[in-house]
**Student:** 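The structure under discussion is supplied below as structure tokens; questions concerning it will follow.
In what follows, chains carry the letters A, B, and so on, assigned in the order in which the sequence lines appear, proteins first and then strands, with residues in each chain numbered from 1. Computed from a prediction, not measured in an experiment: that's the story for all the values here.
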Amino acid sequence: MVGFPRALFSGPVEPAARALIGATLLVDGVGGTVVETEAYAPDDAASHSFRGMTGRNAAMFGPPGHAYVYLCYGMHWCLNVVCGVEGHGSAVLIRALAPVQGVETMRERRGIEKLAILCNGPGRLCQALGVARSHDGIDLAAPPFSLVLAEREPDLLVGPRIGITRDVDRPWRFGLAGSPFLSRRF
DNA sequence: CTATAGATAATCT
DNA sequence: GATTATCTATAGG
């Protein structure tokens, strides 16, 4: 497997969310292995794109393979990978990473020592990787980003998504089986 | 271990 | 004015 998986992100969002488990995500050389994702689609009441395009979610309707970054609860940035055809409005939320590269940098940004809680949540991983508004809408195939899929699909956990109030029962949360870096147990 | 509240501000109605 | 794809600290079993 060589090159950025543009074709994968141009297709349906659920397979893309599954394929991202085990991928390596770096920002300026800092990051690790993706161990938890969630899928969001335009016909999905829990999705930001459900009610059409607004100022905040414009990147979600942009080209696939780009980032959609937004602030939630007034203090946490969250990182998504835009999927589907441009203008469609689907994305994969990156919920947790296993820290691999630049661990000391991540520790400094987070202000903690414990590896297990460095990147195990969407807000936490953005703080650890330094992701914020400036990354909204940019291409994940180009610097400062680096995204490489796993060679083989690992064993996956599947469950309902976290922190939403509508379409609560869709089994669109995916995790790496046995990982100690998940944001919550399945 | 689980449960709960409070922080905090952009975005949308 | 209400809502929110969260995190942390603290209290209780």
Side-chain angles (χ1 to χ4, degrees), chain A residues 9 12-21 23 25 27 31-32 34-62 64 66-84 88-99 106-137 140 147 156-176 179-186:
Chain A
F9 299 134
V13 65
E14 195 207 315
R18 289 174 172 271
L20 277 168
I21 301 295
L25 173 68
V27 181
V34 177
V35 297
E36 188 178 336
T37 62
E38 284 177 0
Y40 288 88
D43 66 341
D44 166 9
S47 173
H48 289 170
S49 59
F50 184 63
R51 293 163 200 246
M53 187 158 67
T54 66
R56 172 179 66 165
N57 68 17
M60 228 177 143
F61 294 89
H66 286 222
Y68 165 44
V69 179
Y70 68 92
L71 186 67
C72 90
Y73 295 99
M75 61 194 106
H76 302 294
W77 294 100
C78 296
L79 172 65
N80 299 250
V81 182
V82 176
C83 287
H88 187 241
S90 56
V92 177
L93 172 68
I94 309 296
R95 285 195 58 90
L97 298 183
M106 292 192 271
R107 280 207 247 253
E108 285 171 23
R109 287 177 178 152
R110 293 268 298 120
I112 58 164
E113 291 297 312
K114 251 181 100 89
L115 209 60
I117 60 170
L118 212 49
C119 299
N120 66 330
R124 288 166 170 173
L125 80 86
C126 282
Q127 186 182 11
L129 302 206
V131 171
R133 163 75 55 72
S134 63
H135 298 90
D136 189 37
L140 288 163
L147 180 58
L156 298 187
L157 302 170
V158 181
R161 295 172 292 180
I162 304 282
I164 55 175
T165 55
R166 314 205 278 161
D167 261 305
V168 173
D169 294 328
R170 267 191 215 225
W172 275 13
R173 175 179 178 229
F174 306 101
L176 177 62
S179 173
F181 300 105
L182 300 173
S183 64
R184 291 170 58 171
R185 296 198 87 70
F186 277 71

**Student:** Is any side-chain heavy atom of A:Leu147 less than 4.5 Å from a side-chain heavy atom of A:Phe9?
**Tutor:** yes

**Student:** Is any side-chain heavy atom of A:Leu20 closer than 4.5 Å to one of A:Leu25?
**Tutor:** no

**Student:** Sequence neighbours excluded, which residues qualify as salt bridge (charged side-chain N to carboxylate O under 4.0 Å, His left out) partners of A:Arg109?
**Tutor:** none

**Student:** B:dT2, OP1 or OP2 - any side-chain N/O from A:Arg185 closer than 4.0 Å?
**Tutor:** no

**Student:** Which part of the nucleic acid, if any, lies within reach of A:Arg184 when heavy atoms closer than 4.0 Å are counted: base, sugar-phosphate only, or nothing?
**Tutor:** nothing

**Student:** Does any part of the side chain of A:Ser47, heavy atoms only, come nearer than 4.5 Å to the side chain of A:Met60, both counted from C-beta?
**Tutor:** yes

**Student:** Given the rule that a pair is Watson-Crick or G-U wobble with both distances under 3.5 Å, how would you write DNA chain C in dot-bracket, using | for pairs to a different strand?
**Tutor:** ||||.|||||||.

**Student:** Taking C-beta and beyond as the side chain, do A:His135 and A:Val27 meet within less than 4.5 Å on heavy atoms?
**Tutor:** yes

**Student:** Here's a test for you: under salt bridge (Lys or Arg N to Asp or Glu O under 4.0 Å), which of A:Arg161, A:Arg95, A:Arg185 qualifies with A:Glu36?
**Tutor:** A:Arg95

**Student:** How far apart are the closest heavy atoms of A:Met106 and A:Cys119, and which atoms are they?
**Tutor:** SD-SG, 3.7 Å

**Student:** Could you check if a side-chain atom of A:Thr37 sits within less than 4.5 angstrom of a side-chain atom of A:Val81, using non-hydrogen atoms only?
**Tutor:** no

**Student:** Sort me out a list of protein N/O and nucleotides 2-6 of chain C N/O pairs below 3.5 Å, or just none if empty.
**Tutor:**
{"from": "C:dA5", "atom 1": "OP1", "to": "A:His48", "atom 2": "NE2", "distance (Å)": "2.8"}
{"from": "C:dA5", "atom 1": "N9", "to": "A:Tyr70", "atom 2": "OH", "distance (Å)": "3.4"}
{"from": "C:dA5", "atom 1": "N7", "to": "A:His48", "atom 2": "NE2", "distance (Å)": "3.0"}
{"from": "C:dA5", "atom 1": "N1", "to": "A:Asn80", "atom 2": "OD1", "distance (Å)": "2.5"}
{"from": "C:dA5", "atom 1": "N3", "to": "A:Tyr70", "atom 2": "OH", "distance (Å)": "3.1"}
{"from": "C:dT6", "atom 1": "OP1", "to": "A:Arg95", "atom 2": "NH1", "distance (Å)": "3.2"}
{"from": "C:dT6", "atom 1": "OP2", "to": "A:Gly163", "atom 2": "O", "distance (Å)": "3.4"}
{"from": "C:dT6", "atom 1": "O2", "to": "A:His76", "atom 2": "NE2", "distance (Å)": "2.9"}

